[in-house]
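Read through the structure below, which is laid out as structure tokens, and then see the notes.
Every heavy atom of this structure was used, including side-chain atoms; hydrogens, water molecules and symmetry mates were not. Quick caveat, the model's predicted, so the values are computed rather than measured. The chains referred to below are lettered A, B, ... by the order of the sequence lines, with proteins before strands, and numbering in each begins at 1.
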2 protein chains.
Amino acid sequence: MPSLSLRINLDPEGRIGPGKVELLEQIAARGSIAAAGRSMGMSYRRAWELVEELNGVFGKAVVARQTGGRHGGGATLTPLGFALVARFRAVERAAAQAAEVHLAALQSEVDLPADN
Amino acid sequence: MPSLSLRINLDPEGRIGPGKVELLEQIAARGSIAAAGRSMGMSYRRAWELVEELNGVFGKAVVARQTGGRHGGGATLTPLGFALVARFRAVERAAAQAAEVHLAALQSEVDLPADN
DNA sequence: TTTCGTTATATCCGATTGACAATAACGCAC
DNA sequence: GTGCGTTATTGTCAATCGGATATAACGAAA
């Protein structure tokens, strides 16, 4: 059964897709960019670049970062970050539901015996 | 105003996105892989690879190719190819409509004065 | 049988990507 | 002020991607 994969193209530049959103969710769950990256099999550098891009695309920060401290610091989502994740998942659900009938039709066309 | 970009993940393997669909439309409009690729600023190699991938993903051909002939040959869409394009565009329209309200909400959250 | 523009295919090479590694800065707990 | 684990940042390198190029095969029309 086919599934949808969806990205949002923002205002002038910047794309938000499943990867960045999952990274944000992992940051929220684990409290650091490093831990979030590890959980996704991603290098710290890569995870840091994605966060940098996210914070740059919006005027406001999506991820708040703290350096230093007893445990070295960490990162958390700002209210905007939480809102972004929630909205993206909502768009995903709405799109998937709306596309369901079309995807089923597409699948049946693939499964049909050759008529071409 | 943000917009959606959408891909369909097929049964076991294979992804269909805006690029392959536009290529199919150009093949239908121009009658050859080479001309379709040129119209999209794409090398023939790239266009040929995408067609190869498309034909491989489905059991049946999406693009029918003819070599030789007075004008060298050409390529056309099979009924499955036309159906694929139509279905993909239908999914796009349905998803965009369903996501519209969420995208507007997301945009307004970005535009709001900082409350974080 | 020659011509023609396409499909088909391989080779080369520069650009891009992303991992790996190293290093500095940071600031709270101890 | 020392230790710790994170964030921050840079450099190197292998792998991958895709463009450019070259060449063969093809077959209908002239």
State, to 0.1 Å, how close A:P18 and A:S5 come at their nearest heavy-atom pair, and which atoms those are.
CG-OG, 4.1 Å
When every non-hydrogen atom of A:A47 is compared with those of A:I33, the smallest separation belongs to CB-CG2, 3.8 Å
With a strict under 4.0 Å distance from non-hydrogen atoms of chain A, what nucleotide opens and what nucleotide closes the contacted stretch of DNA chain C, reading 5' to 3'?
C:dG18 to C:dA29
Separation of A:L23 atom CG from D:dT7 atom P, in whole Å?
11 Å
Whether over 12 other heavy atoms sit under 6.0 Å from B:E52 CD
yes
Run the side chain to side chain contact (heavy atoms under 4.5 Å, CB included) test against B:A86 and tell me which residues pass, sequence neighbours left out.
none
A side-chain contact here means heavy atoms from C-beta on lying under 4.5 Å apart; do B:V91 and A:L4 qualify?
yes
Sub-4.5 Å side-chain heavy-atom contact between B:R65 and B:T76
no
For B:Q66, enumerate each residue passing the side-chain hydrogen bond (donor to acceptor under 3.5 Å, both in side chains) test, keeping only those at least two apart in sequence or located in another chain.
none
If the sugar-phosphate is the primed atoms plus P, OP1 and OP2 and the base is the rest, what is the B/S/- string for nucleotides 24-30 of chain D, using protein heavy atoms under 4.0 Å?
--BBBS-
Closest to the 5' end of DNA chain C, once B:E52 and B:R38 are matched to their nearest nucleotides, is B:R38
Is there any salt bridge (Lys or Arg N to Asp or Glu O under 4.0 Å) pair reaching into residues 66-93 of chain A, and which pairs are they, with sequence neighbours excluded?
A:E25-A:R89, A:R87-B:E109, A:R89-A:E92
Provide a list of protein-nucleic acid N or O atom pairs under 3.5 angstrom, restricted to nucleotides 17-21 of chain D.
{"unit_1": "D:dG19", "atom_1": "OP2", "unit_2": "B:S43", "atom_2": "OG", "d": "2.7"}
{"unit_1": "D:dG19", "atom_1": "O6", "unit_2": "B:R45", "atom_2": "NH1", "d": "2.4"}
{"unit_1": "D:dA20", "atom_1": "N6", "unit_2": "B:R45", "atom_2": "NH1", "d": "3.3"}

Hydrophobic cluster membership, B:V101 vs A:L6, 4.5 Å side-chain cutoff
no
Is the backbone of A:V63 close enough, under 3.5 Å, to the side chain of A:T78 for a donor and an acceptor to pair up by distance?
no
